[in-house]
A.B. asks: 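Could you have a look at this structure, given as structure tokens, before my questions?
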Amino acid sequence: YNILYAGHPKLWYIVSPAQMLRFRRACKAMGITPSLATMADLERLIQHGVDIRRVVQRAGEIVITFPGAFHGGFNLGPNVAEAANMAY
């Protein structure tokens, strides 16, 4: 999970676990390997049928990413946030 305490929002892009096979196939077709550092053209992923969710997180909000989901995001300015990765 990620808690945004104060400051500018965060912009998240999330691919659900249910979309991961389609996401991996699209990445392969685009010649990229999904990893922590992967950035892909969102329009091309959408053209390959990948359902991508866009979330704007504001101060006081929590974003939870589920196991198996692919996610990436950007800080839209200085902020104070906390992230914790948990294993079940």
Side-chain angles (χ1 to χ4, degrees):
Y1 63 89
N2 185 288
I3 301 170
L4 182 56
Y5 294 111
H8 289 266
K10 290 181 145 228
L11 177 63
W12 294 86
Y13 292 100
I14 301 168
V15 177
S16 74
Q19 288 283 302
M20 285 308 294
L21 180 59
R22 185 171 285 166
F23 174 73
R24 290 183 192 286
R25 286 180 180 159
C27 287
K28 184 175 182 181
M30 293 165 54
I32 58 176
T33 303
S35 71
L36 289 175
T38 299
M39 292 301 301
D41 182 335
L42 296 176
E43 292 299 322
R44 287 188 64 201
L45 288 172
I46 292 168
Q47 289 172 357
H48 279 91
V50 180
D51 182 24
I52 301 168
R53 300 300 169 127
R54 180 179 180 268
V55 176
V56 177
Q57 180 187 17
R58 292 182 170 75
E61 297 178 343
I62 299 172
V63 169
I64 298 172
T65 54
F66 290 95
F70 191 87
H71 64 279
F74 305 91
N75 293 320
L76 300 178
N79 59 34
V80 178
E82 178 180 9
N85 296 314
M86 305 169 77
Y88 295 91

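All figures in this text were calculated on a predicted structure; none of them were measured in a lab.
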A.B. asks: I'd like to check the side-chain hydrogen bond (donor to acceptor under 3.5 Å, both in side chains) partners of Y5; sequence neighbours left out, ordered by chain and number.
C.D. replies: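 In terms of side-chain hydrogen bond (donor to acceptor under 3.5 Å, both in side chains), with neighbours along the sequence ignored, Y5 is linked to E82.
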A.B. asks: Do any N or O atoms from the side chain of N79 and from the backbone of H8 form a donor-acceptor pair under 3.5 angstrom?
C.D. replies: yes
A.B. asks: Is it true that L4 and L11 fall in one hydrophobic cluster, defined by side-chain heavy atoms closer than 4.5 Å?
C.D. replies: no
A.B. asks: Quick one: list whatever passes side-chain contact (heavy atoms from CB on, under 4.5 Å) with A29, sequence neighbours left out.
C.D. replies: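 In terms of side-chain contact (heavy atoms from CB on, under 4.5 Å), with neighbours along the sequence ignored, A29 is linked to H48.
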A.B. asks: Would you name the heavy atoms of V15 and M20 that are closest together and state the gap between them?
C.D. replies: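 Shortest heavy-atom contact: CG1-SD, 4.0 Å.
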A.B. asks: Kindly work out whether a path of hydrophobic side-chain contacts (I/L/V/M/F/W/Y, heavy atoms less than 4.5 Å apart) joins V55 to L42.
C.D. replies: no
A.B. asks: Between V63 and V80, is there a shared hydrophobic cluster once you connect ILVMFWY residues whose side-chain heavy atoms come closer than 4.5 Å?
C.D. replies: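 No, separate clusters.
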A.B. asks: I'd like to know if L21 and I46 are part of one continuous hydrophobic network [Ile/Leu/Val/Met/Phe/Trp/Tyr, side-chain heavy atoms within less than 4.5 Å].
C.D. replies: no
A.B. asks: Would you please name every residue forming a ring pair (Phe, Tyr, Trp, His ring centres under 6.0 Å) with H71, sequence neighbours left out?
C.D. replies: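 Applying ring pair (Phe, Tyr, Trp, His ring centres under 6.0 Å) to H71 gives W12.
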A.B. asks: Does L45 form a side chain to side chain contact (heavy atoms under 4.5 Å, CB included) with M30? I'd like the steps, not just the answer.
C.D. replies: CA-CA 9 Å; L45 288 172; M30 293 165 54; 3.8 Å; yes
A.B. asks: If I compare all heavy atoms of P17 with all of P67, which pair ends up nearest, and what's the gap?
C.D. replies: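 So the two residues come closest at CG-O, 3.4 Å.
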A.B. asks: In chain order, what residues pass the ring pair (Phe, Tyr, Trp, His ring centres under 6.0 Å) check against Y13, with sequence neighbours excluded?
C.D. replies: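 Counting only residues at least two positions away or on another chain, Y13 forms no ring pair (Phe, Tyr, Trp, His ring centres under 6.0 Å).
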A.B. asks: With side chain to side chain donor-acceptor pair (under 3.5 Å) as the rule and sequence neighbours excluded, what pairs involving residues 18-30 come up?
C.D. replies: none
A.B. asks: Find the distance between CD (Q57) and CD1 (I3) and round it off to the nearest 0.5 Å.
C.D. replies: 9.0 Å
A.B. asks: Apply salt bridge (charged side-chain N to carboxylate O under 4.0 Å, His left out) to R53 and list each qualifying residue two or more places apart in sequence or on a separate chain.
C.D. replies: D51
A.B. asks: If Ile, Leu, Val, Met, Phe, Trp and Tyr residues are connected whenever their side-chain heavy atoms lie under 4.5 Å apart, and connections chain through other members, are V50 and I14 in the same group?
C.D. replies: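 Each belongs to a different hydrophobic cluster.
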